[in-house]
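What follows is one structure encoded as structure tokens, with my remarks underneath.
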Amino acid sequence: MTVRVRLAPSPTGPLHIGTARTAVFNWLYARRNKGRFLLRIEDTDKERSKPEFTRNILEGLRWLGIDWDEEPVVQSARGALHRQAIADLLASGKAYRCYCSEAELEAMRNARKAAGQPPRYDNRHRHLTADQEAAFQREGREAVVRFAIDDSEEIHWHDLVRGPMAWSGRDLGGDMVIARRCPADSIGDPLYNLVVVLDDAFMDISHVIRGEDHIANTAKQLLLYRALGLKAPSFAHTPLILNRDGRKLSKRDGVTSISDFQAMGYTAEAIGNYMGLLGWSPPQGMGERFTLVEASRHFDFDRVNRAGARFDWDKLNWINGQVLHGQSSTALRAQLEPLWRQAGFTLAADPAWLDRLTGLISPSLTLLKDGVDQARPFLTTPEPDQAARDHLASEGCRAALRLLLEGLPDRFDDAAVRALLGQVAKAAGVSRGVLMKGVRAALLGSLQGPDLMASWALLSQRGEDRGRLLGAID
RNA sequence: GCCCCCAUCGUCUAGAGGCCUAGGACACCUCCCUUUCACGGAGGCGGCAGGGGUUCGAAUCCCCUUGGGGGUACCA
């Protein structure tokens, strides 16, 4: 059987990390099984759906390296088909019109709650006589369409992640609404559970891979598949991504959209790697660092965990650092350059020099944007911070720098400069450490940073060292 | 309330009855490298929620308890 999976985001917000992780699992499964990964834009919530969100979602997926194999299906374009299916269900008696008002339903729920029973619809309009219906219509009452669910119904499926699953019809909340309220002579907007079934069948989806928050929906949808005479796909319910408090990660948890992570300087590779690690574990010997393409050679549900996974910034940061550190200076420089320009740095014409600078600061990067602050003292004239100023003002420091300047060779030479450093420290009566720190303060305006000799060499190549040393002593 | 799911170091996880004195990664701590900060290297701290079974033997199987999560929409 050909594997056909899909991601069905609703464009009511930017691509969310949870949706992206679902996308990753679907994509991984499709690629692993030489199947197809499809997209369906669920834009039937007209109020909240926005084209810019669709764009954001598509761009985010592309950025992550998640490609799709067919033109995305747009759900709103299939409304007529959905309504026809509802009409058929109505005609066959599997669905019916319910004329209950919001207030009635509300009262029903409250009464059951008060009686210590689960709130649910009591199916009171399931068997209305023609006279009763006519009476409601004369009153001008609008109706929703409900799909009948018998209490005696026992629903079973084999979940690819969780194994055998069972659900009872009586726990589904009563006959389910499949079309919104509207005048009783027509059919209102088709609702989620019905539409998903219709569209998944239309797209010939073989495996539905989604978060475990959909488990109850699966029970309802299975009933719909049967009523509609459609073949049900296999289901895999993945664990949820949890926030710091162990609850389902939501938009309210701060940074949760892929575009935000991107803007913060996370690499697509790191995000993909980390999402692959949340809920799935690579086979022994594979290690924790992998690209999605690598993971796609091994992905299977037997290594998908059942418990939710807490989102851990520390781990993500570590992975991102690893990705950055593993990049060639040239590749990294290419990504840094736009950020440097954005920061207003004037870049040297010599890309080789920028490559060397990148190589120097690379190990201290966690996020791409860290490269801005790290490169700043090299690409602009630094303003010494308090600690640097204090050190320069310390006993004998400036005198030693003056002495150093006098002996500095025209052409920077590592060995010669090291030797000179020793001589000068001795002559000036300061420790080598004090001198070195002084040089660092003068050159870079800070007491901490990358390797001093390498930094110095870099600056001297741009003819920047002498002036900075001079500037520090007067 | 009701239904469902889940349960190994602080976090992510390995573990499919003896290989477990429970392994790895992140975080944390110590040391090494180093003028400094990082990076890197070497160590360390730290866990099978509890109770019953089953078995010669249980982190692994079963039951109960506890805890956590999800769902209970005329959203998706």
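Proteins get letters first, then strands, A, B, ... in listed order; numbering begins at 1 in each.
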| Does Arg247(A) have a side-chain nitrogen or oxygen under 4.0 Å from the phosphate oxygens OP1 or OP2 of rG70(B)? | yes
| query | Which parts of nucleotides 14-22 of chain B does protein reach within less than 4.0 Å, heavy atoms only, written one letter per nucleotide 5' to 3' as B for base, S for sugar-phosphate only and - for none? | reply | SS-------
Which side-chain N or O atoms in residues 424-434 of chain A pair as donor and acceptor under 3.5 Å with protein atoms at least two apart or in another chain?
| residue | atom | partner | partner atom | Å |
| --- | --- | --- | --- | --- |
| Ser431(A) | OG | Gly433(A) | N | 3.4 |
| Ser431(A) | OG | Val434(A) | N | 3.0 |
| Arg432(A) | NH2 | Arg418(A) | O | 3.4 |

| query | Taking the inter-plane angle between the rings of Phe261(A) and Trp313(A) on a 0 to 90° scale, is it parallel (under 30°), tilted (30 to 60°) or perpendicular (over 60°)? | reply | parallel
| message | Please classify the nucleic acid contact of Val144(A) as base, sugar-phosphate, or nothing, using heavy-atom distances under 4.0 Å. | response | base
| Using the P atom in both, what is the distance from rA58(B) to rU54(B), to the nearest Å? | 11 Å
| query | How do Cys182(A) and Ala309(A) order along RNA chain B: which one's closest nucleotide is nearer the 5' end? | reply | Ala309(A)
| Can you name the ring pair (Phe, Tyr, Trp, His ring centres under 6.0 Å) partners of Phe25(A), sequence neighbours left out? | Phe299(A)
| said: Quick check for you: among rC2(B), rG70(B), rC75(B), whose closest atom lies nearest to any side-chain atom of Lys248(A)? | reply: rG70(B)
| message | Going by centres under 5.5 angstrom and planes under 30 degrees, do the aromatic ring of His214(A) and the base ring of rA76(B) stack? | response | yes
| said: Taking side-chain contact (heavy atoms from CB on, under 4.5 Å) as the definition, give me every residue that meets it alongside Ala309(A), ordered by chain and number, with sequence neighbours left out. | reply: Leu278(A)
| What nucleotide, of rC75(B), rG24(B), rA27(B), holds the atom closest to the side chain of Leu191(A)? | rC75(B)
| query | If the sugar-phosphate is the primed atoms plus P, OP1 and OP2 and the base is the rest, what is the B/S/- string for nucleotides 28-51 of chain B, using protein heavy atoms under 4.0 Å? | reply | -------BBBBSS-----------
| message | For Phe290(A) together with His298(A), are the ring centres under 6.0 Å from each other? | response | no
| request: Please identify each residue that fulfils salt bridge (charged side-chain N to carboxylate O under 4.0 Å, His left out) with Glu47(A), with sequence neighbours left out. | output: none
| message | Under 4.0 Å, heavy atoms only, any strand: does Gly287(A) hit a base, just the sugar-phosphate, or nothing? | response | nothing
| Any idea which of rC6(B), rC2(B), rA73(B) is nearest the Arg109(A) side chain? | rA73(B)
| remark: Re rC37(B): Watson-Crick or G-U wobble partner, both distances kept under 3.5 Å, found to be none
| How is Thr44(A) classified with respect to the nucleic acid when contacts are heavy atoms under 4.0 Å: base, sugar-phosphate, or nothing? | sugar-phosphate
| Gap between atoms CZ and P, on Phe290(A) and rU13(B) respectively (whole Å) | 12 Å
